[in-house]
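Below: one structure, written as structure tokens.
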Amino acid sequence: MTQQQPSQDDAPTFTPRKNGPYRQVSEELAAWMRTGWADTERRDLEPLEQSPYAAKRRAVLSARFPGERLVIPAGVLKVRSNDTEYPFRAASDYVHLTGDQSEGGCLVLEPRTDGGHDSVVYLLPRSDRDNGEFWLDGHGELWTGRRHSLTEASALLGLPAHDVRALPDLLRDAPEAPSRIVRGHDAALEAVLASSGADPQEATRRDAELAEFLHDTRLVKDDWEIGQLQRAVDSTVRGFEDVVRVLPEAEATSERHIEGTFFLRARVEGNDVGYGTIAAAGPNATTLHWVRNDGRVRSGELLLLDAGVETTTLYTADVTRTLPINGRFTDVQRRVYDLVYAAQEAGIAAVRPGTPFRAFHDAAQRVLAEGLVQWGLLEGPVERVLELGLQRRYSLHGTGHMLGLDVHDCATARSEGYVDGLLEPGMVLTVEPGLYFQPDDTTVPDELRGIGVRIEDDILVTADGHRNLSAGLPRASAEVEEWLSGLLPDA
Ligand code: GLY
Ligand code: MN
Ligand code: MN
């Protein structure tokens with residue numbers, strides 16, 4: 001797509017916007033472009049199904065910060081090169097509190113004297129047809145697509161919607177009130193608040209407190225969110241099935257064929273992938289964040305596929321399966337796989353309300369340590385191995401994390417409510433032990449070198465235990481083989 005200049009001839013000129021797609025346009029064309037457009041305003045829009053949930057979340061936020069102005073930006077486009085931007089993905093806290101995903105949007109909770117807040121969402125309105133913005137500006141609707149009018153957005157979100165272009169001045173001229181902003185998404189709005197004269201260190205501390213509180217409130221998912229996470233997982237299951245069907249093509253090309261196949265499912269059914277797909281065949285599986293995905297896919301080796309579809313509402317799955325590319329585990333692959341599986345079983349069994357978050361990690365690591373001692377890779381006793389964390393030479397990473405709008409959800413939540421806290425119904429977390437024997441690790445026998453196995457599922461904490469949202473994908477080695485035999489073209 002290039003932004004073409006229209007033919008200019010000798011016609012009189014209209015002054016287009018700086019950096020706009022056209023250098024010169026005639027008065028006649030400009031005048032003609034102002035006219036002849038139908039009224040497309042939608043007057044029948046119902047609120048989004050998440051809007052009542054977002055309203056409850058705003059009420060919780062309001063109650064925590066009475067008398068304070070709270071600014072939660074959606075984020076702005078980031079330049080990739082010249083006039084080309086990265087695809088926009090709205091900031092998770094903004095999405096959580098509004099249900100909206102508009103680039104450049106911002107939610108403001110304006111304090112009322114009674115201690116509550118008025119919530120207003122600030123958005124770009126429809127492109128103006130009278131001043132030519134819709135076609136003369138490269139971000140106008142003719143180039144990027146129709147936006148909701150402010151009236152439409154208000155109906156969808158259940159919030160008053162105002163023009164975001166007025167927001168910097170509104171914030172500058174607003175009645176004196178302590179303000180907080182979620183940082184990292186909109187430098188221009190941060191600069192406006194920073195210019196208020198507040199002590200920078202104190203502002204940093206207060207903004208961090210807001211970020212922490214917002215992540216605290218995202219730890220327990222409501223019913224609607226759990227439904228979205230199940231949707232994300234269900235699409236992901238279909239994406240894994242797609243991948244298995246194309247393994248012969250991947251063998252003829254590279255891991256990219258796997259990444260691309262999964263991405264197709266993510267884009268057709270959801271918004272995107274929730275994080276960079278790890279399609280790691282053979283020894284690449286021992287590189288934890290292998291996202292280059294340019295390696296060979298060989299029969300007889302394992303494929304570690306860690307991938308998640310992000311729904312159109314921006315909730316993501318995070319699932320890993322380690323699969324024998326030709327459909328059958330070798331004996332040594334099965335031995336490693338079955339140990340990781342046993343560790344995952346122990347981890348999942350430890351997920352229930354009232355238990356410490358760390359319990360599932362400890363349970364899984366114990367099983368791995370026991371197995372590694374039994375194999376003679378680590379010197380016992382197991383208690384010493386665990387105390388010194390020696391198993392982590394091969395298990396490498398933590399056993400799981402919260403999942404939601406972000407793959408590593410609630411990362412700035414207080415540790416008392418998360419890693420040092422207790423599990424509560426409505427939390428969704430991954431349980432993902434692994435074993436990774438680096439190709440150049442001389443502490444392990446040759447036969448193990450280059451084998452990497454991780455099994456990762458998305459687990460909902462329920463009132464009396466847990467539910468595996470990703471149970472639609474088999475996990476036990478024999479079940480994996482049976483599943484593969486039904487999908488692999490030549491199995
Ligand atoms: N895919 C990243 C993770 O499993 O945490
Ligand atoms: Mn993962
Ligand atoms: Mn994970």
Side-chain angles (χ1 to χ4, degrees), residues 89 92 215 218-219 221 229-230 232-240 243 255 258-259 261-263 265-266 270-281 284-293 302-311 314-323 337 340-341 343-345 347-348 350-351 357-358 360-361 363-365 368 392 394-413 418-419 423 427-436 452-461 466 468-475 480:
R89 197 277 194 187
S92 298
H215 281 204
R218 284 167 45 190
L219 283 164
K221 274 63 184 175
L229 283 164
Q230 186 68 65
V233 169
D234 291 347
S235 276
T236 298
V237 169
R238 290 188 281 277
F240 273 64
V243 164
E255 293 160 340
I258 292 164
E259 178 189 335
T261 299
F262 189 82
F263 184 60
R265 179 66 67 171
N271 176 59
D272 202 339
V273 287
Y275 54 92
T277 295
I278 297 169
N284 294 335
T286 65
T287 300
L288 291 180
H289 286 168
W290 179 258
V291 291
R292 279 184 234 156
N293 299 340
L302 296 173
L303 167 70
L304 186 158
L305 177 61
D306 183 344
V309 172
E310 178 185 71
T311 60
L314 307 188
Y315 286 80
T316 189
D318 180 12
V319 175
T320 307
R321 287 293 181 268
T322 307
L323 310 170
Y337 187 94
V340 174
Y341 175 71
Q344 200 206 20
E345 284 280 272
I348 293 174
V351 175
F357 175 82
R358 290 185 198 277
F360 76 92
H361 170 76
Q365 294 295 309
L368 294 178
R392 292 193 73 154
Y394 310 118
S395 70
L396 298 181
H397 54 78
T399 310
H401 51 83
M402 295 296 176
L403 185 69
L405 282 163
D406 295 321
V407 60
H408 295 159
D409 211 38
C410 309
T412 65
Y418 186 178
V419 288
L423 295 178
M427 289 178 167
V428 178
L429 52 124
T430 68
V431 179
E432 51 173 310
L435 280 175
Y436 312 88
V453 172
R454 176 163 65 256
I455 314 172
E456 176 172 26
D457 283 80
D458 301 340
I459 311 293
L460 166 69
V461 184
H466 62 258
N468 185 349
L469 301 180
S470 42
L473 281 176
R475 289 186 299 126
V480 166

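Counting starts at 1 for both ligands and their atoms, following the listed order.
At a 4.0 Å heavy-atom cut-off, ligand 1 touches Asp318 through the side chain alone.
Judged by distance alone, the side chain of Tyr418 and the main-chain N or O of Met402 form a donor-acceptor pair under 3.5 Å. Here the side chain of Gln230 pairs a donor or acceptor atom with the backbone of Leu469 at under 3.5 angstrom. At least one donor-acceptor pair closer than 3.5 Å links the side chain of Asn293 to the backbone N or O of Ala279.
Close placement of the His397 and Tyr436 rings is indicated, their centers lying within 6.0 Å of each other.
Of all protein atoms, those of element N, O or S that lie under 2.8 Å from the Mn ion (ligand 3) number 4.
Short contacts between ligand 1 and Glu456, defined as distances under 4.0 Å to a heavy atom of the residue, involve ligand atoms 4 (O). Per-residue contacts place His408 under 4.0 angstrom from the following atoms of ligand 1 (heavy atoms of the residue considered): 2 (C), 3 (C), 5 (O).
For atom 4 (O) of ligand 1, the nearest non-hydrogen atom of the protein is Glu432 OE1, 3.0 Å.
Once rounded to the nearest 0.5 Å, the distance linking CD1 of Ile455 with CD of Gln344 reads 5.5 Å.
Using a 4.0 Å cut-off between charged side-chain N and carboxylate O, Arg89 and Asp272 make no salt bridge.
Between Thr430 and Asp318, the side chains place no donor N or O within less than 3.5 Å of an acceptor N or O (distance only, hydrogens not considered).
Residue His289 places no heavy atom under 4.0 Å from ligand 1.
The two residues Ala232 and Thr316 come nearest to each other via the heavy atoms CB-C, 3.9 Å.
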